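Everything below concerns the one structure shown next.
For reference, positions follow the sequence shown, starting with 1. Treat the numbers as computed from the prediction; the structure is a model and nothing was measured.
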Amino acid sequence: MSTPAVAACLIPIRLPGPTGPVPVGAVELHLIDPSRTDPWSGQPREVMVTVTYPAADVRDSAMLPWLPSGAERALKARFGGAVDGYAIPQTHSADRAPVRPGRRPVLLHSPGYTADRTFNTLVIEELASWGYVVVAVDHPYDSGEVEFPDGRVLVNRPDDTSDEARTAAVAVRAADLRFVLDQLTVLKRGRNPDAEGRPLPRGLRGALDLSRVGAFGHSRGGAASAAVMYLDERVRAGIDLDGALFGPVVEHGLDRPFLLMDTAVHDGLNEDWTWPPFWAHLSDWHRCLRLTDADHNCFTDLVAIAPQVPEQVRKTLEIGTIPADRAVAAVRTTVRAFFDLQLRGRPDAGHLLWGASPRYPEVTYIAG
């Protein structure tokens, strides 16, 4: 970890805070599934998750960093020194702050391939500030950098580009999400599922409404969201942000609400062979929207980070030409509108989902 003197010399990177009416807290959990063997390590499968929630009081809590120190070093190594002079941002999530009273819908989040569970902090904190509990999951060896409480950092092991390999990876992710949902049930029943038994925030158990569960993800995480819905009826609604789909859900579709959102670069219903058969077999509410002037990573924190880093790094981040603040606002609002409609029964949220909001012209309607 950097010393205070070294940290003071680094150029800060900042993320905008959430816009909701309540502060946000978060807790990290280390979960081990003894019933599954990790296909990459041969050991029992383990995952790291961050549970982000509406907080009652954040005055005495430190804010979590965007990445822990070991994962930060591994991420910076990916860029060959180009971002070594920059400070990874803090989040706006107070570490283990007490939970605001009330039962909340629960959302599972899966990041993109080689991305980390914190790469969608802007959307996750926004949802929590409006009353959701969001459980973001890292998938070791498929995510980018996963740091465990004992200091181990597991980095991505590149898979081949075959559909078979991608299908297998998405199946592991879906199993991870189901396992995490099982562990949330354990937590709700009064037990602490954290492998190290670290203390949980006061009030977390009572905040989980597991009768209202959704899933969303970016890229491969979007595929995992669809896959877990196909396997597990506990997940009532889902979103795929610009991800190709894999597994049996492609041909069988879903009988619960699902939102697809893409970019013109992807053009999923015309250029991605996995989207049309999936689309044809969606029997409940479904819609396809597009983020205009965007590229693949505009759905993540990278769109806000890109203007703050060197140009040679910015060019590699796939962010398109949409202004960062407009991309952040549009994605945050669209994701929240969908879950407000599907898990909270708020029909007033539906206007944006027709791509007809004058406040968010960047969100356009494609089909549905």
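- Taking the ring centroids of H109 and F216, they lie under the 6.0 Å cut-off.
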### Message
Run the salt bridge (Lys or Arg N to Asp or Glu O under 4.0 Å) test on R96 and D60 for me, step by step, so that the C-alpha distance in whole Å, both residues' side-chain angles and the decisive distance to 0.1 Å come before the verdict.
### Response
CA-CA 10 Å; R96 291 186 174 85; D60 297 323; over 6 Å; no
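- Within the 4.5 Å cutoff, no side-chain heavy atoms of T118 are placed close to those of T91.
- Under the 6.0 Å distance and 45° angle rule, R166 does not count as a cation-pi partner of F246.
- In this structure, the separation between CG on D95 and CG on L64 is 4.5 Å, given to the nearest 0.5 Å.
- Atom CZ of R202 has 12 or fewer neighbouring heavy atoms from other residues, nucleotides or ligands inside a 6.0 Å radius.
- L352 approaches S357 most closely through the heavy-atom pair CD1-CB, 3.7 Å.
- Side-chain heavy atoms closer than 4.5 Å link hydrophobic residues (I, L, V, M, F, W, Y) into clusters, and following such links, possibly through other members, connects V331 to V363.
- Shortest non-hydrogen contact noted between G268 and D262 is N-OD2, 2.8 Å.
- A salt bridge links R152 to E46: one of the charged nitrogens lies within less than 4.0 Å of a carboxylate oxygen.
- For the pair M261/D240, no side-chain contact is recorded, criterion being any heavy-atom separation below 4.5 Å from C-beta on.
- Under the rule for a side chain to side chain donor-acceptor pair (under 3.5 Å), the partners of R59 that lie at least two apart in sequence or sit in another chain are D57.
- Here F338 and W285 bring their ring centres to under 6.0 angstrom of each other.
- Here H266 pairs with W275 under the ring pair (Phe, Tyr, Trp, His ring centres under 6.0 Å) rule; sequence neighbours left out.
- By the side-chain contact (heavy atoms from CB on, under 4.5 Å) test, W40 pairs with D38, R45, Y141, D142, R157, V172, sequence neighbours left out.
- R205 is listed as a side-chain neighbour of L187, based on a closest heavy-atom distance under 4.5 Å.
- The residues R178 and D232 are annotated as salt-bridged, a charged nitrogen and a carboxylate oxygen being separated by less than 4.0 angstrom.
- A 4.5 Å side-chain heavy-atom check between R117 and V137 finds every atom pair outside the cut-off.
- Under the side-chain contact (heavy atoms from CB on, under 4.5 Å) criterion, R346 pairs with D340, R344, D348, not counting sequence neighbours.
- Using a 4.0 Å cut-off between charged nitrogen and carboxylate oxygen, R73 and E147 do not count as a salt-bridge pair.
- Taking a 6.0 Å sphere around CG of N270, one finds it holds more than 12 heavy atoms contributed by other residues, nucleotides or ligands.
- Taking all atoms of both residues into account, the shortest heavy-atom contact from M229 to P257 is CE-O, 3.8 Å.
- Nearest heavy atoms, G214 versus V235: C-CG1, 3.9 Å.
- Annotation for R314: atom CZ counts as buried by contact number, over 12 foreign heavy atoms lying within 6.0 Å.
- Taking the centre of each ring, H218 and H296 come in below the 6.0 Å mark.
- Put simply, the side chain of R173 reaches to within 4.5 Å of the side chain of H139, judged on heavy atoms.
- S143 has its side chain within reach of P111: a pair of non-hydrogen atoms, C-beta onward, lies under 4.5 Å apart.
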### Query
Can N120 and T300 be said to form a side-chain contact (heavy atoms from CB on, under 4.5 Å), step by step?
CA-CA 5 Å; N120 280 85; T300 76; 4.0 Å; yes
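- Residues that satisfy the side-chain contact (heavy atoms from CB on, under 4.5 Å) test with A227, not counting sequence neighbours, are V170, A174.
- The aromatic rings of W66 and F119 lie parallel to each other, their planes meeting at an angle below 30°, with 60° marking the opposite boundary.
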### Message
For E125 and T52: C-alpha separation, side-chain torsions, deciding distance, then whether side chain to side chain donor-acceptor pair (under 3.5 Å) applies.
### Response
CA-CA 7 Å; E125 290 184 337; T52 307; over 6 Å; no
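- Using a 4.5 Å heavy-atom threshold, the side chains of L241 and L291 count as separate.
- Ring pair Y132/Y53: centre-to-centre distance not below 6.0 Å.
- Within the 4.5 Å cutoff, the side chain of V213 has no heavy atoms near those of the R236 side chain.
- Side-chain N/O atoms of T364 and R290 include no donor and acceptor closer than 3.5 Å.
- In terms of the side-chain contact (heavy atoms from CB on, under 4.5 Å) criterion, residue partners of P149 (sequence neighbours excluded) are, by chain and number, H30, M48, E196, R198.
- Closest heavy-atom contact between W273 and V250: CZ3-CG1, 4.4 Å.
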### Query
side-chain contact (heavy atoms from CB on, under 4.5 Å) between Y86 and Q308: does it pass, once the steps are laid out?
CA-CA 9 Å; Y86 290 78; Q308 304 177 65; 5.7 Å; no
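- At most 12 non-hydrogen atoms from other residues, nucleotides or ligands lie less than 6.0 angstrom from CD of E233.
- Under 3.5 Å, the side chains of T19 and E126 contain a donor-acceptor pair of N or O atoms.
- Between R78 and E145, at least one side-chain N (NZ, or NE/NH1/NH2) sits under 4.0 Å from a carboxylate O, which counts as a salt bridge.
- Residues A324 and P307 come closest through the heavy atom pair CB-CG, 4.2 Å.
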